[in-house]
Amino acid sequence: MKILVVVDMQNDFIDGALGTSEAVAIVPYVKQVIESFEGKVFFTRDTHFDDYMNTQEGKNLPVPHCIKGSCGWQIRPELDSLRKTEAIDKVTFGSSALVDLLKKEKDIEEITFIGLCTDICVISNVAVVKAFFPEIPISVDAKACAGVTPQSHRTALEAMKAIQVKIINE
């Protein structure tokens, strides 16, 4: 079975509090990838709470975003309408819940990652999954990802290549 992981395609990362023009630009292609994917699709959702500014992340990135229940926390509507499973809420960059979910799957042939941000949550989830599933081929569709900046996107792709992740559509 093939797995597609759609990382944090939420309003705040697209055109909200931490949005970028690059994130806006990938939305149609991300939709196309999800619609044409033959396998299981899982979505992650960055999830923070009203006390975000008091967390370690909030102190290092003092921009409230993805506060549970807010518009910015929502997965982009045209993508959310394609979701068939409950989104995986995560309070940090990488998700142990994603690993737990994948452990329940049988006969995983490959895992592909797409989403936001390449240099923070995509790379974190790729590294966590790679650590638990070292023999499953993992790929990242570069065209369906965007970073905080174009340079940090490219740097993250290079870092993922170093841990034997296949980068496609570069």
Side-chain angles (χ1 to χ4, degrees), residues 3-35 37 41-98 101 111-129 138-160 165 167-170:
I3 305 279
L4 177 67
V5 180
V6 182
V7 178
D8 300 356
M9 288 299 297
Q10 295 162 266
N11 293 322
D12 269 348
F13 293 127
I14 297 170
D15 57 8
L18 296 171
T20 65
S21 59
E22 293 83 11
V24 171
I26 70 166
V27 172
Y29 181 68
V30 167
K31 184 175 190 270
Q32 179 185 339
V33 169
I34 296 167
E35 288 173 333
F37 191 76
V41 180
F42 297 110
F43 286 73
T44 69
R45 185 169 47 203
D46 196 42
T47 302
H48 300 294
F49 303 93
D50 291 333
D51 68 342
Y52 172 77
M53 296 299 285
N54 296 322
T55 66
Q56 181 174 329
E57 182 181 329
K59 291 174 184 169
N60 287 292
L61 177 64
V63 179
H65 65 281
C66 298
I67 305 300
K68 188 171 184 170
S70 70
C71 178
W73 175 73
Q74 302 296 325
I75 295 169
R76 188 62 153 217
E78 63 264 46
L79 305 177
D80 198 40
S81 67
L82 303 172
R83 189 168 51 84
K84 293 182 172 86
T85 60
E86 188 62 36
I88 301 163
D89 289 336
K90 56 185 194 56
V91 296
T92 187
F93 304 135
S95 174
S96 60
L98 174 61
L101 188 66
I111 304 168
T112 303
F113 285 83
I114 61 176
L116 301 169
C117 295
T118 319
D119 46 332
I120 302 174
C121 291
V122 173
I123 194 172
S124 295
N125 282 287
V126 165
V128 168
V129 170
I138 296 176
S139 62
V140 172
D141 187 335
K143 189 176 164 185
C145 293
V148 173
T149 67
Q151 178 58 46
S152 63
H153 168 76
R154 288 188 297 276
T155 300
L157 294 174
E158 290 302 315
M160 288 185 279
V165 171
I167 307 301
I168 58 175
N169 295 317
E170 198 168 0

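Just so it is clear, the structure is predicted and the values come from calculations on it, not from any experiment.
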**OP:** For N11 and C71, indicate whether the former's side chain and the latter's backbone hold a donor-acceptor pair under 3.5 Å.
**Re:** yes

Original post:
Run the side-chain contact (heavy atoms from CB on, under 4.5 Å) check on I26 and K143 step by step: do they pass?
Top reply: CA-CA 7 Å; I26 70 166; K143 189 176 164 185; over 6 Å; no

**OP:** Please report the C-alpha distance between M160 and T118 in whole Å, then the side-chain angles of each, then the deciding distance to 0.1 Å, and finally whether the side-chain contact (heavy atoms from CB on, under 4.5 Å) criterion is met.
**Re:** CA-CA 10 Å; M160 288 185 279; T118 319; 3.9 Å; yes

Original post:
How many angstroms lie between CZ in F113 and SG in C121, if you round to the nearest 0.5 Å?
Top reply: 11.5 Å

**OP:** Under the side-chain hydrogen bond (donor to acceptor under 3.5 Å, both in side chains) rule, collect the residues that match up with D141, sequence neighbours excluded.
**Re:** Y29, N169

Subject >> By side-chain hydrogen bond (donor to acceptor under 3.5 Å, both in side chains) - contacts of E170 (at least two apart) >> reply: K161

Subject >> Sequence-distant partners of I3, side-chain contact (heavy atoms from CB on, under 4.5 Å), two or more places apart >> reply: M1, V5, K40, F42, L102, E105, I108, I111

Original post:
If every non-hydrogen atom of H153 is compared with every non-hydrogen atom of A142, which pair is closest and at what distance?
Top reply: CE1-O, 3.5 Å

Original post:
Can you name the side-chain contact (heavy atoms from CB on, under 4.5 Å) partners of V91, sequence neighbours left out?
Top reply: F49

**OP:** Evaluate the criterion side-chain contact (heavy atoms from CB on, under 4.5 Å) for residue pair I167 and E158; output intermediate values, then yes/no.
**Re:** CA-CA 9 Å; I167 307 301; E158 290 302 315; over 6 Å; no

Subject >> Minimum heavy-atom distance E86-R83, with the two atoms named >> reply: CA-NH1, 3.6 Å

Subject >> Rounded distance [0.5 Å steps], CG in N125 versus CD1 in I88 >> reply: 8.5 Å

Subject >> Test side-chain contact (heavy atoms from CB on, under 4.5 Å) applied to S70 - qualifying residues, sequence neighbours left out >> reply: I67, W73

**OP:** Kindly give the heavy-atom pair with the smallest separation between G94 and S124, and that separation in Å.
**Re:** N-CB, 3.7 Å

Original post:
Rounded to the nearest 0.5 Å, how far apart are CD of Q56 and CG of L61?
Top reply: 12.0 Å

Subject >> Non-neighbouring partners of D8 that pass side-chain hydrogen bond (donor to acceptor under 3.5 Å, both in side chains), sequence neighbours left out >> reply: T44, K90

Subject >> side-chain contact (heavy atoms from CB on, under 4.5 Å) between V165 and I138, intermediate numbers included >> reply: CA-CA 5 Å; V165 171; I138 296 176; 4.1 Å; yes

Original post:
For Q151, which residues count as a side-chain contact (heavy atoms from CB on, under 4.5 Å) partner, sequence neighbours excluded?
Top reply: T149, R154, T155

Original post:
At their closest point, which heavy atom of A156 faces which heavy atom of D119, and how far apart are they?
Top reply: CB-CA, 3.6 Å

Subject >> Partners passing salt bridge (charged side-chain N to carboxylate O under 4.0 Å, His left out) against E78 (at least two apart in sequence or in another chain) >> reply: R76

Original post:
In Å and rounded to the nearest 0.5 Å, what is the OG to CG distance from S96 to L101?
Top reply: 11.5 Å

Original post:
Considering the options V30, L116, T20, which one meets the side chain to side chain contact (heavy atoms under 4.5 Å, CB included) requirement together with I14?
Top reply: L116

Original post:
With sequence neighbours excluded, what pairs up with H65 under the ring-ring contact (aromatic ring centres under 6.0 Å, His included) test?
Top reply: F13, H48, Y52

Original post:
Between P64 and M53, is any pair of side-chain heavy atoms under 4.5 Å apart?
Top reply: yes

Original post:
For the residue pair S152 and G147, what are the closest heavy atoms and their distance?
Top reply: OG-C, 4.3 Å

Subject >> Criterion side chain to side chain contact (heavy atoms under 4.5 Å, CB included) against F43, the qualifying member of D80, I75, L4 >> reply: I75

**OP:** For Q10 and D46, indicate whether the former's side chain and the latter's backbone hold a donor-acceptor pair under 3.5 Å.
**Re:** yes

**OP:** Could you list all the salt bridge (charged side-chain N to carboxylate O under 4.0 Å, His left out) pairs where at least one residue sits in residues 47-72, not counting sequence neighbours?
**Re:** none

